[in-house]
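Notes follow once the structure below has been shown.
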Amino acid sequence: MKTVFEKSVKGRRCFEVSALDVEKYDFEAGALRSSLRLPELSEPEVVAHYTALSKRTFGVDDGFYPLGSCTMKYNPKLHEVIAALPGFRDAHPLARADKMQGSLAVIDTLSAYLAGITGMDAVTLQPCAGAHGEFTALLMVRAYHRARGDEKRVKVLIPDSAHGTNPASAAMAGFEVVTVKSDADGLVDLADLSLKAGEDTAALMLTNPNTLGKFEKHILKIAEIVHEAGALMYYDGANLNAVMGVVRPGDMGFDLVHLNLHKTFSAPHGGGGPGSGPVCCKAELAAFLPDPQVTRTERGFRFGRSDWSAGRVTAFYGNFGVYVKALAYIVTLGGKGLREAAVTAVLNANYLREKISYFYPVGEGRCMHEFVLSMRKLREETGVTAADVAKGLIDRGIHPPTMYFPLIVEDALMFEPTETASKETLDAAADALKEVIELAYTDPDALHSAPHTTPIRRPDEAGAARDPVVKEEL
Amino acid sequence: MLDLLGLTSAEELFSDLPKELRRKKFALSEGRSQQETYKALAELASRNATYKSVFRGAGSYVHYIPAAVTSVTSREEFLTSYTPYQPEISQGILQATFEFQTMMCELTGMDVATASHYSGATAAAEACVMCAGKGRKVVTFSNIDPDTLDTLRTYLGARGIALEVLSADNGNAVLKSGTGGSVLYIQSPNYYGIVEDVSLLVSAAKAEGMKVVVGGNPLALALFRSPGECGADVAVGDAQPFGLPVSFGGPYLGYMAAKREFMRKLPGRIVGETKDAEGDRAFVLTLQTREQHIRREKATSNICSNQAHCALTAAVYLSLMGARGLKDLATKCASNAHYLARELTRVGAKLFYEKEFFHEFVTITPGKASALTAALERKGILGGLPLDEHRILWCCTECVGKADMDEVVSIAEEVL
Ligand SMILES: Cc1ncc(COP(=O)(O)O)c(C=O)c1O
């Protein structure tokens, strides 16, 4: 498909800025640019272009989207309407706090809900995504240790099954990363943890259920080991969808949590963002939250500051237009509905896993809200890879699961159906996967060359990285 | 479903969880109907003041958003998809992002642009971290956006990179020699709306062996020479003015564009063009070996989810505006601001800086700043941002007309 620049016709216009009713101001010519090339099209042409592009994009409303670790649940349409209410949409972030009591109430109310759901005491909504929340929380960890005069805690422990953002955030926050091994069941190896947790440990970062979809059943023991070493427990909340309303990170022994409101709390993913990654913490850590904080006063809500804050992590108050959707979600579901969502998500994952369990599942027993299959045996027997299977699913109208993650499983495919997939959807997905696996044994080439039904065939990704073309030559 | 699993209740699936945890009691509220949720949230929204005209910017700008922008970007495929890991079913969002990259490169005069950052503040911080070489000191000025300055402090401090903030008392940044810095970060137009002499600052910094990161409102780039043309290494900023509502501060659109030598060091996602198995053009996420999912702690950044939908919005907005529309818009904003500045000085305010400015400027009205903004507030006008008791930072966009400005001036005349 042609790009918007290729469609451009010199001199064609669409949008007219309303005419000046004051004298035109002219800047000194020396400061001005000589040319600017942007598309020149009519409004119908621009709309047609982007409409065509939207049709080449697969969203949650287009079909089953079991992308593991990303919680691609349905996004209620009401939330878009709410975020676009003029009172929210047109609220200037630097208007006086007493004139913006609605926005501050959103921050205060949502913070209180999230504290309740996680079993924590204080919250910041400033981080704009999960990784940003990780970074923020680790800065708080450091500020906490420093405030106690403890400067030697330079290491962060991270399981080998963890998401890549965990070690990357630790490095950005100035920590050294120490990897903790997983045991045969894919859980934290307690012996390895005991060995590595010490007086130079600042925190353990843990996802629970972990990225294999397994609940860390020794979590209380893990917390004991980490706390005994004088370190903090950090919860990567990307998988909270499995346990919200059932158990709380705060009760598991965690001191800080980040949440992904664009996953668990149903804010849409927007083709890659914007998200929202609040951090919730125990009272001892509250002083280190980023400034500013919303506080309740006799005269209503106000912004407050802390002398101990770990610092600001972005402009203003984070992605307000995203987290207001999460508030709407929580208000509609209530605590009971959130619990029901978690239970249904776990049921759906177990149901799908059971239906396709003969396709090389990883680990024994039940899973939580997601599960991992290993395509290693399939690859060895047929030459068909996890990526081939994924592309075969595309031809059957399904967005593929997450591929090649977690790294501790060879040829991994990670399925997270979420609670909003119906039984019929799950049955159809199981049938589709079965069909693909059978095809691997009868006609592997049909999968090596899949997908066949999409606007493009498989792209040359290696070539793209070798000789990058990252913009159009105009 | 339970039958297949041999269970009587889905709750049994949680039997792996420690009993002590499951036994903990905590309150679970009841849910509500969507209609009730709407009512409750609409009530909260109605507690925010709405203004008939807005003269406040300072990093968040009220512009007219063409209906076609909202209409096209709210299509569910764009809204509900995620990061395009599967290019065959994501060509739409990939191509739109590639087009966005092209537009940002054109505006900034750079060779490569990323597919978005959380905000202009984090884009500035990540760019400075990227550029901080052996010297490991970033130098900037007191006239940059205060949230960006705070964010820089946080990000640089975390990595042990020093930050020196030079004062810019007369409004403009002037780089003295011998700072010992390895990176210079400047903003133009700066926080006070003043257009900096970017070329001069870049040559001064280059003479000291520094890399230069230039921040700023990208709307100004419709008129002024681009950071790339002025010799800067990296351009950053917040593209919120390109079709995004002010929305109480977010989601906005951090952008970063750089010279080609930085291509493999940049933080965040980048879309590249390639060919598919049949030789047809295709778009993919590229240069992924920089990223956290592959490099983990050695990645150039931790960023994963970004502000993709905001980047799409900016691309649609710029396609609708075209170069002429964008220039007309920037000219209208600047002309309005110069009119208001002149009129305010006629009724007793003084300009705090006598410098060339874009669409923001600072007035001084000794002791009267809050009295003036309060008087405007009473008439449903969001006045400029009081910086202290005396100074106000004003902003004009195309959303205000002569009549709106004249009303501000007549109220100012009464107060002053
Ligand atoms: C387990 C886990 N942790 C952290 C993240 C990072 O979240 P975000 O993409 O919002 O930065 C993800 C996202 O994919 C994840 O799956």
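Residue numbers begin at 1 in each chain, while the letters A, B, ... track the order of the sequences.
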- Message: Let's go through B:S81 and A:Y65 carefully: what are the C-alpha distance in whole Å and the side-chain angles of both, what is the deciding distance for side chain to side chain donor-acceptor pair (under 3.5 Å) to 0.1 Å, and is it a yes or a no?
- Response: CA-CA 9 Å; B:S81 54; A:Y65 207 134; 5.3 Å; no
- Which bit of B:I93 is near chain A, if near means a heavy-atom gap under 4.5 Å: side chain, backbone, both or neither? both
- Note on the structure: Under 4.5 Å to a heavy atom of chain B? For A:I394 that would be side chain
- Item | Contacting moiety of B:L4, where chain A heavy atoms sit under 4.5 Å | both
- Task: Would you tell me whether A:S276 and A:N319 have side-chain atoms, one donor and one acceptor, within less than 3.5 Å of each other?
- Result: no
- Message: Please classify the contact of A:L474 with chain B as side chain, backbone, both or neither, using a heavy-atom distance under 4.5 Å.
- Response: side chain
- Item | Side chain, backbone, both or neither of A:V46 within contact of chain B (heavy atoms, under 4.5 Å) | side chain
- Pairwise distance OG1(B:T80) to CZ(A:F58) - rounded to 0.5 angstrom: 9.0 Å
- Message: Counting heavy-atom pairs closer than 4.5 Å to chain B, which one of A:A328, A:A105, A:G337, A:G463 comes out on top?
- Response: A:A328
- Query: What part of B:A49 gets closer than 4.5 Å to chain A, counting heavy atoms only: side chain, backbone, both or neither?
  - Reply: both
- Query: Are B:R47 and B:E43 ion-paired here, with the side-chain N under 4.0 Å from a carboxylate O?
  - Reply: yes
- Message: Does any backbone or side-chain atom of B:Y64 lie under 4.5 Å from a heavy atom of chain A? Answer side chain, backbone, both or neither.
- Response: side chain
- Query: For B:K24, is it the side chain, the backbone, both or neither that has a heavy atom under 4.5 Å from a heavy atom of chain A?
  - Reply: side chain
- Message: Among B:K402, B:E76, B:R75, which residue has the highest count of heavy-atom pairs closer than 4.5 Å to chain A?
- Response: B:E76
- Interface residue of largest heavy-atom contact number with chain B, from A:R89, A:R12, A:E80, A:K217, under 4.5 Å: A:R89
- Query: chain B heavy atoms under 4.5 Å from A:L139: which part of the residue, side chain, backbone, both or neither?
  - Reply: side chain
- Note on the structure: Turns out that what part of A:P468 lies under 4.5 Å from chain B's heavy atoms comes down to both
- May I ask you to name which of B:L13, B:L312, B:D150, B:D328 has the most heavy-atom pairs under 4.5 Å with chain A? B:L13
- Message: What part of A:M252 gets within 4.5 angstrom of chain B, counting heavy atoms only: side chain, backbone, both, or neither?
- Response: both
- Message: How close do B:T151 and A:V313 get, counting heavy atoms only, and between which atoms?
- Response: CG2-O, 3.5 Å
- Relative to chain B, which segment of A:K391 carries a heavy atom at a distance below 4.5 Å: side chain, backbone, both, or neither? side chain
- Message: Which atoms of A:N348 are under 4.5 Å from chain B, going by heavy atoms: the side chain, the backbone, both sets, or neither?
- Response: both
- Task: Counting only heavy atoms closer than 4.5 Å, note whether A:P290 contacts chain B via side chain, backbone, both or neither.
- Result: neither
- Hey, which of B:L107, B:I270, B:L329 has the most heavy atom pairs under 4.5 Å with chain A? B:L107
- Separation between OG1 (A:T3) and CD (B:Q95), nearest 0.5 Å, reads 6.5 Å
- Message: Need one label for A:N75: side chain, backbone, both or neither, based on atoms under 4.5 Å from any heavy atom in chain B.
- Response: side chain
- Go through A:L41, A:T454, A:V106, A:V331 and name the one with the most non-hydrogen pairs under 4.5 angstrom from chain B. A:V331
- Against chain B, label A:L138 side chain, backbone, both or neither, depending on which of its atoms sit under 4.5 Å from a heavy atom there. neither
- Query: Step by step, would you call B:F283 with B:T274 a side chain to side chain contact (heavy atoms under 4.5 Å, CB included)?
  - Reply: CA-CA 6 Å; B:F283 298 96; B:T274 185; over 6 Å; no
- Query: Between B:L221 and B:S226, what is the shortest heavy-atom contact and its length?
  - Reply: CD2-CA, 4.3 Å
- Message: If I measure from the heavy atoms of chain A, does B:K327 come under 4.5 Å with its side chain, its backbone, both, or neither?
- Response: side chain
- Message: Is A:A83 in contact with chain B via its backbone, its side chain, both, or neither, using a 4.5 Å heavy-atom distance?
- Response: neither
- Task: Heavy-atom distances under 4.5 Å only: say whether B:A27 touches chain A with side chain, backbone, both or neither.
- Result: neither
- Name the orientation class of the two ring planes belonging to B:Y155 and A:H132 (parallel below 30°, tilted from 30 to 60°, perpendicular beyond 60°). tilted
- Message: Testing the basics here: between A:P93 and A:Y317, what is the closest heavy-atom pair and its distance to 0.1 Å?
- Response: O-OH, 2.6 Å
- Task: Could you look at B:V284 and say if it's the side chain, the backbone, both or neither that has a heavy atom under 4.5 Å from chain A?
- Result: side chain
- Message: Quick check for you: among B:T122, B:T286, B:L223, which has the greatest number of heavy-atom pairs under 4.5 Å with chain A?
- Response: B:L223
- Query: Any donor and acceptor pair, going by atom type alone, linking the side chain of B:Q292 with main-chain N or O of B:N302 inside 3.5 Å?
  - Reply: no
- Task: Side chain from CB out, backbone as N, CA, C, O: work out which of these in B:V316 comes under 4.5 Å of a heavy atom of chain A, or both, or neither.
- Result: both
- Task: Under 4.5 Å, counting heavy-atom pairs only, tell me which of B:E36, B:E398, B:M263, B:H293 racks up the most with chain A.
- Result: B:M263
- Message: For the residue pair A:E134 / A:H163, report whether a side-chain donor-acceptor contact shorter than 3.5 Å exists.
- Response: no
- Query: A:E40, A:R96, A:E43, A:K55: which one forms the most heavy-atom pairs within less than 4.5 Å of chain B?
  - Reply: A:E43
- Task: Decide whether A:T314 and B:S119 meet the rule of one side-chain donor and one side-chain acceptor closer than 3.5 Å.
- Result: yes
- Message: I'd like to know if B:E291 and B:R269 make a salt bridge, using a cut-off of under 4.0 Å between side-chain N and carboxylate O.
- Response: yes
- Query: So which of B:E106, B:E356, B:Q101 has the largest heavy-atom pair count under 4.5 angstrom toward chain A?
  - Reply: B:E106
- Note on the structure: Whatever's closer than 4.5 Å to a heavy atom in chain B on A:R458 counts as both
- Are B:S60 and B:Y252 linked by a side-chain donor-acceptor pair shorter than 3.5 Å? yes
- Task: May I ask you to name which of A:D62, A:L333, A:D90 has the most heavy-atom pairs under 4.5 Å with chain B?
- Result: A:D62
- Query: So which part of A:F5 gets closer than 4.5 Å to some heavy atom of chain B, the side chain, the backbone, both or neither?
  - Reply: side chain
- Message: Aromatic contact between A:F215 and B:F14, with the criterion being ring centroids under 6.0 Å apart: yes or no?
- Response: no
- Item | B:N336 versus chain A, the contacting section by heavy-atom distance below 4.5 Å | both
- Query: Do you know which of A:P86, A:G87, A:P167, A:G334 has the most heavy-atom pairs under 4.5 Å to chain B?
  - Reply: A:P167
- Message: Tell me if the OH atom of B:Y38 is crowded by more than 12 foreign heavy atoms within 6.0 Å.
- Response: no
- Message: If I measure from the heavy atoms of chain A, does B:S301 come under 4.5 Å with its side chain, its backbone, both, or neither?
- Response: both
- Query: What part of B:S319 is in contact with chain A, defined as an atom under 4.5 angstrom from a non-hydrogen atom: side chain, backbone, both or neither?
  - Reply: both
- If you measure only the distance, is there a donor-acceptor pair under 3.5 Å linking the side chains of B:S305 and B:Y82? yes
- Message: Salt bridge or not between A:E16 and B:R324? Use side-chain N to carboxylate O under 4.0 Å.
- Response: no
- Query: Atom CG in A:D460, atom CZ in A:R457: separation rounded to 0.5 Å?
  - Reply: 14.5 Å
- Message: Taking side chain as everything from C-beta outward and backbone as N, CA, C, O, which of these in B:Y339 sits under 4.5 Å from a heavy atom of chain A? Side chain, backbone, both or neither.
- Response: side chain
- Note on the structure: Taking every heavy atom of B:L41 against every heavy atom of A:V324, the minimum-distance pair comes out as CD1-CG2, 4.1 Å
